[in-house]
Amino acid sequence: MVWKIFHYKKTTSTNDVALEQSSTAGGKFVIVAETQTAGRGRRGRVWHSLKGNLFFSAVIPYPIQQCGTLVMLCSLSVLQTIKALCPTAYVQLKWPNDILLNNAKVSGMLLEKGEKNFMIVGIGVNISQCPDKSQLLYPITSLADAGIKTDCNTFLNLFLHILDKNLATNNIFAIRQQWLENVKGLNKNIIVRQEKGSIKGIFLGIDEKANLLLNTENGLQKIMVGDVFYD
Ligand code: BTN
């Protein structure tokens, strides 16, 4: 099945358009926009949508019960796209679905449920510039900052090609293994910040639903939502 790609100059959020179109569409498709007026990130945050960066939503028929696998697949595909463009790039994953380049965030992902059997994977990649660094809690970067020259169309097409290969594999154990091999902070002390406070512990891995497994002073905890910080 080939990807249909719909280009927009401006949207509120590509995830909004994707949700709307998922009620009538068949197959798999992508909504891509040059800019978003209401780009959103995880946990109700704003995603600053500067011109020259990539904002898209991939709409994929996928069982919602397996959305943990889909997040892993898509995160790995972004990491592999960057590596394909620059084999020496220092790229890592950060739970739950960030991609780090030289220890700074270069891409984020927002998974939402579409209509019918569709899942919507909204992805932002800092291709040519970074939003105002002073407003953020964590370091950010762009491909351009790291000396990786590309453009939005090249990145998107390469990503879809790699994603197709990963979707075809669909072996959850292999995917989780690959995810673990590329994640930052495995078996190290981390801090997970949540709305109700922070939890410290050793990052042991993830379960099949991509929940984080943390060995804390109160025993093993499964974490579904939060932001990871490194000790
Ligand atoms: C995060 O890191 O918090 C997730 C960021 C997701 C941003 C992308 S940009 C394309 C799509 N449209 C949105 O409004 N959000 C996602």
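Positions are given from 1 along the sequence. When a ligand or atom number is given, it counts from 1 through the structure's own listing order.
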Return all side-chain donor-acceptor pairs below 3.5 angstrom for residues 192-203, not counting sequence neighbours, or 'none' if the list is empty.
from   : atom 1 : to     : atom 2 : distance (Å)
Gln194 : OE1    : Lys196 : NZ     : 3.4
Gln194 : NE2    : Val225 : O      : 2.7

Identity and distance of the protein heavy atom lying nearest [atom]:
atom	answer
atom 5 (C) of ligand 1	Trp47 CE3, 3.3 Å
atom 16 (C) of ligand 1	Gly122 C, 3.7 Å
atom 15 (N) of ligand 1	Arg40 O, 2.7 Å

Legend entry - Check: Asn171 main-chain N/O paired with Thr169 side-chain donor or acceptor under 3.5 Å: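 Not confirmed, Thr169 side chain does not pair with Asn171 backbone.
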Would you kindly say whether [X] and [Y] are connected by a side-chain donor-acceptor distance under 3.5 Å?
X	Y	answer
Ser75	Asn97	no
Thr154	Asp151	yes
Ser49	Gln36	yes
Trp3	Asn157	no

Check each atom of ligand 1 against the heavy atoms of [X] and keep those under 4.0 Å away; list them by number with element.
X	value
Arg42	1 (C), 3 (O), 4 (C)
Asp98	2 (O)
Thr14	10 (C), 11 (C), 12 (N)
Gly39	14 (O)
Asn15	11 (C), 12 (N)
Gly41	1 (C), 3 (O), 4 (C), 5 (C)

Inset, instruction - Would you kindly specify which portion of Gln36 sits under 4.0 Å from ligand 1, judged on non-hydrogen atoms: side chain, backbone, both or neither? - result: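 Answer for Gln36: side chain.
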Legend entry - Region of Ile123 engaging ligand 1 - heavy atom pairs below 4.0 Å: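 The backbone, only.
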Legend entry - Contact (N/O only, under 3.5 Å) between Lys105 and ligand 1: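 Yes, Lys105 has an N/O under 3.5 Å of an N/O on ligand 1.
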Legend entry - Sub-3.5 Å N/O-N/O distance, Ser13 and ligand 1: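 Ser13 vs ligand 1: N/O contact under 3.5 Å present.
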Inset, instruction - Mark the output for Arg45 as yes if a heavy-atom distance to ligand 1 is under 4.0 Å, and as no if none is. - result: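 Distance cut 4.0 Å: Arg45 fails for ligand 1.
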Inset, instruction - Identify whether Leu76 and Phe56 are in the same connected component of the hydrophobic contact network (ILVMFWY, side-chain heavy atoms under 4.5 Å). - result: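 Yes.
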Legend entry - Under-4.0 Å salt bridge between Arg45 and Asp227: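 Here Arg45 pairs with Asp227 in a salt bridge, since their nearest N and O are under 4.0 Å apart.
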Legend entry - Carboxylate-amine/guanidinium proximity below 4.0 Å for Lys184 and Asp98: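 Looking at Asp98 together with Lys184, the answer is no, because their closest N to O distance does not fall below 4.0 Å.
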